Protein chains: 2
Amino acid sequence: MNSRLRQDEIVRSLRRAGTSTVAELAIQVGASRRTVLRDIAALRDEGFVIDAEPGRGGGLSLDPHSVQTTARLSVSEVFALLISVASMRAAGNLPFSSLADSGLAKIEKALPSDKIRDLRQFLDCLYVGPLAPQVDISDMGEMDPALLPVFEPAFLQRLHLRFDYRDAKGTQSRRHVEPQAMLILPPLWYLVAWDPSREGFRHFRMDRIGRPELVPGSTFRRRHVPFDDGVRRVRFA
Amino acid sequence: MNSRLRQDEIVRSLRRAGTSTVAELAIQVGASRRTVLRDIAALRDEGFVIDAEPGRGGGLSLDPHSVQTTARLSVSEVFALLISVASMRAAGNLPFSSLADSGLAKIEKALPSDKIRDLRQFLDCLYVGPLAPQVDISDMGEMDPALLPVFEPAFLQRLHLRFDYRDAKGTQSRRHVEPQAMLILPPLWYLVAWDPSREGFRHFRMDRIGRPELVPGSTFRRRHVPFDDGVRRVRFA
DNA sequence: CACAATGGTGCCAGTTTTTGGCACCATTGG
DNA sequence: CCAATGGTGCCAAAAACTGGCACCATTGTG
């Protein structure tokens with residue numbers, strides 16, 4: 001078995017099992033304990049976050065947000081991605097555009113050095129004009145990329161969410177809501193959520209949300225989200 | 001020397017030299033003829049298109065557009081890229097968005113299957129509103145992704161370009177120009193070029209350009225491109 | 001045609017890298 | 001103290017890679 005394939009297998013096993021011991025992994029991938037430990041070290045080098053509890057009852061566990069994926073892209077595809085992200089950025093300071101940038105930076109770094117030079121030289125000839133955002137972005141704050149790991153499980157497992165919110169007038173409050181949808185009206189993002197205490201839907205600007213936390217064990221049902229502001233909206237596909 | 005590094009070196013050599021023999025490559029990368037042949041076979045397996053002319057005066061040549069790159073991306077980065085591309089698409093039918101999609105499809109395919117399910121489920125909660133394009137796109141044609149391989153060398157080597165052009169009134173003409181810049185005013189792209197016969201700059205909508213061809217051996221100098229329409233423009237970085 | 005230059009394949013021995021086993025250490029819970 | 005766990009260093013065995021060689025097919029040139 002190729003060492004690369006074995007490492008992928010280890011990642012899959014850890015994701016499935018949640019937590020596992022080195023000895024178990026060794027049996028599953030058909031390699032020795034020593035080799036699995038070497039592979040774990042290699043995966044950590046590549047950015048996978050693998051926690052280890054020593055001692056009786058311990059084991060390994062993988063942070064699912066550190067899972068990485070490899071893909072082989074043609075130069076044209078890289079170029080197209082660069083254009084998309086740059087054009088988005090021209091619309092303003094968008095949430096997650098810095099994350100997209102870091103992804104692209106990794107992709108670029110993997111290109112042969114002379115191809116990067118070509119690409120850069122080509123990009124020098126490009127000028128991107130602005131997209132017109134639907135809203136005034138003069139008071140737009142930066143959205144924290146760290147919100148993503150909190151919001152994703154909220155949507156996937158339908159968990160209640162608590163967070164601080166600062167409204168347009170600047171008043172602070174602590175909210176407790178059922179997240180139902182995300183509405184992206186570039187460059188602004190809104191959390192569309194049902195507020196049980198107010199028995200109604202509320203929109204929250206993502207950049208005004210602070211200190212979000214999941215409320216464990218508090219599932220709710222999906223509701224039909226009303227959009228009543230007349231804006232044409234594209235379902236994300 | 002690592003076999004991966006050696007293969008990269010071979011790709012670089014082939015890109016530099018245009019065409020080369022196995023014996024030459026062997027000397028350049030400091031390996032034997034046999035090993036270079038093995039590496040060539042490996043590169044072909046990975047999707048690199050390497051033509052071989054047997055016989056006296058023959059040699060190897062690499063199709064530069066088959067150059068691919070692998071990058072390891074975190075799931076969050078993939079997510080951010082998906083958002084960027086989808087938001088762009090919400091602005092209309094953009095040139096190259098299909099290329100970006102195909103790149104993303106590859107990336108998604110490389111994700112562990114359960115992670116894809118998560119991601120898809122999360123995306124189901126997202127609604128993307130439209131960006132407002134600066135121009136009327138009612139008569140917008142599709143831009144041919146195959147144009148890219150022609151335009152890239154035109155900019156990199158500063159070669160004259162010939163193409164058919166259909167102007168706003170529908171009149172066809174064959175143009176011969178010096179490409180100076182690309183202006184992206186989403187969702188439209190313009191080629192900004194110096195027209196020697198008219199001694200002036202002209203803007204060409206990319207989706208109205210047909211049958212472009214390079215004029216070999218016809219270099220020109222870069223000119224200062226005037227932008228006189230008062231639109232804020234972002235230099236691509 | 002003969003020949004030289006080129007890509008390509010099969011084989012095998014030498015070299016390098018990877019792997020597995022072992023001993024051992026640190027930590028943790030019983 | 002003991003058993004179970006992650007982690008490291010070392011070394012020999014196993015596997016993979018490499019280089020040399022013989023050889024084949026194709027192509028252009030004398």
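To find a chain, count down the sequence lines: A is the first, B the second, and so on, and within it residues start at 1. Just so you know, these numbers come straight off a predicted model, no measurement behind them.
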Of all residues at least two apart in sequence or in a different chain, which pass the side-chain contact (heavy atoms from CB on, under 4.5 Å) check with [X]?
| X | result |
| --- | --- |
| A:Val215 | A:His160, A:Arg162, A:His176, A:Ser218 |
| B:Thr19 | B:Ser61 |
| B:Asp45 | none |
| A:Arg202 | A:Asp195, A:Arg198, A:Phe204 |

Show every donor-acceptor pair shorter than 3.5 Å between a side-chain atom in residues 21-29 of chain B and any protein atom, with sequence neighbours excluded, or say none if there are none.
{"residue": "B:Thr21", "atom": "OG1", "partner": "B:Glu24", "partner atom": "N", "Å": "3.2"}
{"residue": "B:Glu24", "atom": "OE1", "partner": "B:Ser20", "partner atom": "OG", "Å": "3.0"}
{"residue": "B:Glu24", "atom": "OE1", "partner": "B:Thr21", "partner atom": "N", "Å": "3.3"}
{"residue": "B:Gln28", "atom": "OE1", "partner": "B:Ser13", "partner atom": "OG", "Å": "2.4"}

- Nearest 0.5 Å, what's the CZ-CE distance between A:Phe163 and A:Met206? 9.0 Å
- Query: In residues 48-60 of chain B, which residues come under 4.0 Å of DNA chain D by heavy atom?
  - Reply: B:Pro54, B:Gly55, B:Arg56
- Residues two or more places apart in sequence or in another chain: which of them pass side chain to side chain donor-acceptor pair (under 3.5 Å) with A:Asp63? none
- Task: List for me each residue that meets side chain to side chain donor-acceptor pair (under 3.5 Å) alongside B:Arg174, sequence neighbours excluded, and say none if there are none.
- Result: B:Asp164, B:Glu213
Rounding to an integer number of Å, can you tell me how far [X] [atom1] sits from [N] [atom2]?
| X | N | atom1 | atom2 | value |
| --- | --- | --- | --- | --- |
| A:Leu37 | C:dC25 | CG | C1' | 14 Å |
| A:Leu5 | C:dT18 | CG | P | 15 Å |
| B:Leu43 | C:dG7 | CG | P | 15 Å |
| B:Leu25 | C:dT6 | CG | P | 12 Å |
| A:Arg4 | C:dT18 | CZ | P | 14 Å |

Between the protein and nucleotides 14-21 of chain D, which nitrogen or oxygen pairs are less than 3.5 angstrom apart?
{"residue": "D:dT18", "atom": "OP1", "partner": "B:Arg6", "partner atom": "NH1", "Å": "2.7"}
{"residue": "D:dT18", "atom": "OP1", "partner": "B:Arg6", "partner atom": "NH2", "Å": "3.0"}
{"residue": "D:dT18", "atom": "OP2", "partner": "B:Arg6", "partner atom": "NH2", "Å": "3.1"}
{"residue": "D:dG19", "atom": "OP2", "partner": "B:Ser32", "partner atom": "N", "Å": "3.2"}
{"residue": "D:dG19", "atom": "OP2", "partner": "B:Ser32", "partner atom": "OG", "Å": "3.2"}
{"residue": "D:dG19", "atom": "OP2", "partner": "B:Thr35", "partner atom": "OG1", "Å": "2.4"}
{"residue": "D:dG19", "atom": "N7", "partner": "B:Arg38", "partner atom": "NH2", "Å": "2.7"}
{"residue": "D:dG19", "atom": "O6", "partner": "B:Arg38", "partner atom": "NH2", "Å": "3.3"}

- Looking across every strand, which nucleic acid part, if any, lies under 4.0 Å from A:Thr19 by heavy atom: base, sugar-phosphate, or nothing? nothing
Counting only pairs under 3.5 Å, give me each side-chain donor-acceptor contact of residues 49-58 of chain B, with atom names and distances, residues two or more places apart or in other chains.
none

- Task: Dump the intermediate steps for salt bridge (charged side-chain N to carboxylate O under 4.0 Å, His left out) on B:Arg12 and B:Glu9, then the final yes or no.
- Result: CA-CA 5 Å; B:Arg12 267 194 295 277; B:Glu9 181 67 34; 3.4 Å; yes
- Task: Test A:Tyr165 against A:Ile209 for side-chain contact (heavy atoms from CB on, under 4.5 Å), laying out the working first.
- Result: CA-CA 5 Å; A:Tyr165 193 69; A:Ile209 290 178; 3.8 Å; yes
I'd like a table of atom pairs between the protein and nucleotides 14-16 of chain C - only N or O on both sides, under 3.5 Å - with the distance next to each one.
none

- Classify the side-chain pair B:Ser173/B:Arg175 by whether it contains a donor and acceptor separated by less than 3.5 Å. yes
- Item | Overall bend - the helix from C:dC1-D:dG30 to C:dG30-D:dC1, comparing terminal axes fitted on five pairs, nearest 10 degrees | 20°
- Item | Shortest non-hydrogen separation from A:Phe48 to A:Val11 and the atoms involved | CE2-CG2, 3.8 Å
